[in-house]
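Taking it in order: structure first as structure tokens, then the write-up.
Numbers here simply count residues along the sequence, with the first being 1.
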Amino acid sequence: DLAKRLLSTEVRKAAAALFAGGAPRTVRLQGLDIMNDDCKEANVVFVKAQESTDGGTSVVNLRSLVATVGDIFLRNKLCQPSDVTRADKLHVTLLNSKFRTAKAESESKAPAPRVPFDASEVVSAYAGAFFGD
């Protein structure tokens, strides 16, 4: 209930201030990447969020909003500092090995170890692909 209230009040005010005066609200989704350095041992594949061609500062504003939400949630003890990450890589996650489980593992209470995957072909094929604004 507290999180809902904060999102509908404080976060809404922060977003309104950041995007006031007709500030652009469009982010370009273009290019695949991975979180680590080795495509053959990937855990996360994502689409990059970039500035749109409208020349605005929507990604900068979005990063500020992410930081503001983290600060508000920390201040209200809804998360731990380790839960709040920097927004250097704003993205849309497509594949995440954290959610890759076998049937036997899903029945267990213990979290399954991450099993990296080879993302080299998909990243190579779609490294510069445009997914939309």
Got a second to check how far Cys39's SG is from Asp33's CG, nearest 0.5 Å?
7.5 Å
With side chains defined as the heavy atoms from C-beta onward, is the minimum distance between Phe73 and Leu7 less than 4.5 Å?
yes
Please examine the side chains of Arg5 and Glu10, heavy atoms only from C-beta on, and report whether any two atoms are closer than 4.5 Å.
no
For a quick test of reading the model, state the closest non-hydrogen atom pair linking Leu74 to Pro81 and the distance between them.
CD2-N, 3.4 Å
Check whether any side-chain heavy atom of Leu29 lies under 4.5 Å from a side-chain heavy atom of Asp133, and answer yes or no.
no
Heavy-atom closest contact (Cys79 atom, Val84 atom, distance):
SG-CG2, 3.6 Å
The reported gap from OG1 in Thr26 to CG in Leu62 (rounded to nearest 0.5 angstrom) is 11.5 Å
Can you tell if the side chain of Gln30 reaches within under 4.5 Å of the side chain of Gln50, non-hydrogen atoms only?
yes
On a heavy-atom basis, the closest approach of Asn43 and Val115 is OD1-C, 4.3 Å
Is there a continuous path of hydrophobic side-chain contacts, each under 4.5 Å between heavy atoms, that joins Leu32 to Leu95?
yes
With a 4.5 Å cut-off on side-chain heavy-atom distances among I, L, V, M, F, W and Y, is there a chain of contacts connecting Phe46 to Val122?
no
Might you point out which heavy atoms bring Phe117 and Val44 nearest each other, and give the distance in Å?
CZ-N, 4.4 Å
More than 12 heavy atoms of other residues, nucleotides or ligands under 6.0 Å from CG of Asp83: yes or no?
yes
Closest non-hydrogen atom pair, Ile34 against Asp37
CD1-C, 4.1 Å
Mind checking salt bridge (charged side-chain N to carboxylate O under 4.0 Å, His left out) for Asp118 and listing every partner two or more places apart, or none if nothing turns up?
Lys40
Has Arg12 got more than 12 heavy atoms of other residues, nucleotides or ligands less than 6.0 Å from its CZ?
no
Is a side-chain donor or acceptor of Asn36 paired with a backbone partner of Glu41 at a separation under 3.5 angstrom?
yes
Same cluster or not: are Met35 and Leu94 linked, directly or through other Ile, Leu, Val, Met, Phe, Trp or Tyr residues, by side-chain heavy atoms under 4.5 angstrom apart?
no
Cluster question for you: counting only ILVMFWY and a side-chain heavy-atom cut-off of under 4.5 Å, with indirect links fine, are Phe130 and Leu90 together?
no
Around atom CZ of Phe131, are there more than 12 heavy atoms from other residues, nucleotides or ligands closer than 6.0 Å?
yes
For Asn61 and Leu18, indicate whether the former's side chain and the latter's backbone hold a donor-acceptor pair under 3.5 Å.
yes
Check whether any side-chain heavy atom of Thr68 lies under 4.5 Å from a side-chain heavy atom of Val11, and answer yes or no.
no
With distance as the sole test, does Asn96 use its side chain to make a donor-acceptor pair with the main-chain N or O of Lys98 at under 3.5 Å?
yes
